There are 2 protein chains.
Amino acid sequence: MEKNVNTENVRAQMRKGVLEYCILLLLAKEDAYASSIITKLKEANMIVVEGTLYPLLIRQKNQGLLQYRWEESPQGPPRKYYAITDKGREQLEEMNNAWHEIVTTIENIKN
Amino acid sequence: MEKNVNTENVRAQMRKGVLEYCILLLLAKEDAYASSIITKLKEANMIVVEGTLYPLLIRQKNQGLLQYRWEESPQGPPRKYYAITDKGREQLEEMNNAWHEIVTTIENIKN
DNA sequence: AACCAATACCTTGCAAGACAAAGTACCAAA
DNA sequence: TTTGGTACTTTGTCTTGCAAGGTATTGGTT
């Protein structure tokens, strides 16, 4: 049991660095609203919670990487659909490079 | 120029999650002291500064992942050589798994 | 002896970010 | 009109990265 807690910490730590990257990757494929992003990331094993995601989306929007529009929901309150901007795609390019570099670096350290 | 600053931020963000992992990877190969760890990581493109590394080493030592011994230096003050412990190797195992999982997850999200 | 440069280690204060938890709001069906 | 489901938002706490400044040891120079 204790081991599982520890394992979760390790994974959580590593996820932090790539969260923004994952959001942009997802939104580059299709627009989405926060709750659906959480579901998608959970399916992909990348757990995020609301208290993390909402501020993050707002930050990325303020940086001009994302924009949003309101859209009615078939059930419940309207949804805030986020879409990636041109600037966001540029940033995604950078992140692709950065990610590739990190993966390479780790391989190098491992030898 | 602005782009470079941004690029650095992106890289810094991603490095964060794997720093502890890198330390354990290095120390699993051979004992080392803080300054030499900084040099090695810099060579591997994984920039760390003293204010980050010292607290991190102390944290890992307090978690029982590392231990240290003093050793005289050919020049200058004595060095604090860190060595990985059995518990540290267990943790490294976990981190290897976690890292592998993250890499796979990103690939999945990319499709 | 006094000073300096190089090498090491350590601490402080700030800022960013992850997350748990609690709160607000909308809608439809019972 | 109350309940349950969906969705968005905020607050407070804790951790962590890092710039900047500080302390200590050694060997060579003046």
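Letters go in sequence order (proteins before strands), and every chain restarts at 1. Small disclaimer: the values here were computed from a predicted structure and weren't measured.
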Fill in: Test item: B:Val18 and A:Ile106 side chains (from C-beta on) under 4.5 Å apart, heavy atoms
yes
Item to complete: Could you pick out which residue, A:Gln75 or A:Gly17, lies toward the 5' side of DNA chain C when each is mapped onto its nearest nucleotide?
Response: A:Gly17
Fill in: Interatomic distance where CZ belongs to A:Arg79 and P belongs to D:dT9 [whole Å]
14 Å
Worksheet item: For A:Tyr33 and D:dA7, is the shortest distance between a side-chain N/O and OP1 or OP2 below 4.0 Å?
Response: yes
Worksheet entry | Comparing B:Ser73 and A:Lys16 on DNA chain D - which has the more 5′ nearest nucleotide | A:Lys16
Item to complete: Decide if atom CD of B:Glu72 counts as having more than 12 heavy atoms of other residues, nucleotides or ligands within a radius under 6.0 Å.
Response: no
Practice prompt. Measure from the side-chain heavy atoms of A:Pro77 and tell me the nearest of D:dG17, D:dA7, D:dC8.
Written response: D:dA7
Item to complete: Verify whether one side chain among A:Asp31 and A:Tyr68 offers a donor that lies under 3.5 Å from an acceptor in the other.
Response: no
Fill in: Distance, rounded to the nearest Å, where A:Glu72 contributes CD and D:dA7 contributes P
13 Å
Discussion item. Within the structure provided, determine whether B:Met14 and A:Met95 are in side-chain contact (heavy-atom separation under 4.5 Å).
Written reply: yes
Worksheet item: Do A:Arg15 and B:Glu101 sit within salt-bridge range, that is, some charged N less than 4.0 Å from a carboxylate O?
Response: no
Worksheet item: Whole-Å distance between D:dC14 C1' and A:Gln13 CD?
Response: 13 Å
Worksheet item: Mind checking whether B:Leu56 and B:Arg59 have side chains closer than 4.5 Å, heavy atoms only?
Response: yes
Worksheet entry | Length of the line joining B:Met14:CE and C:dA18:P, which is rounded to integer Å | 13 Å
Practice prompt. Give, ordered by number, those residues of residues 39-71 of chain B having at least one heavy-atom distance below 4.0 Å to an atom of DNA chain C; if nothing qualifies, reply none.
Written response: B:Glu50, B:Gly51, B:Tyr54
Fill in: A:Lys80 side-chain proximity, nearest of D:dC8, D:dT25, D:dG17
D:dC8
Response to the item:
Atom CD1 of A:Ile38 and atom P of C:dC19 are separated, to the nearest Å, by 11 Å
Item to complete: Would you mind checking if A:Glu94 and A:Arg89 are paired as a salt bridge, meaning a charged N to carboxylate O distance below 4.0 Å?
Response: no
Worksheet entry | Whole-Å gap separating P (C:dC19) and CZ (A:Arg11) | 15 Å
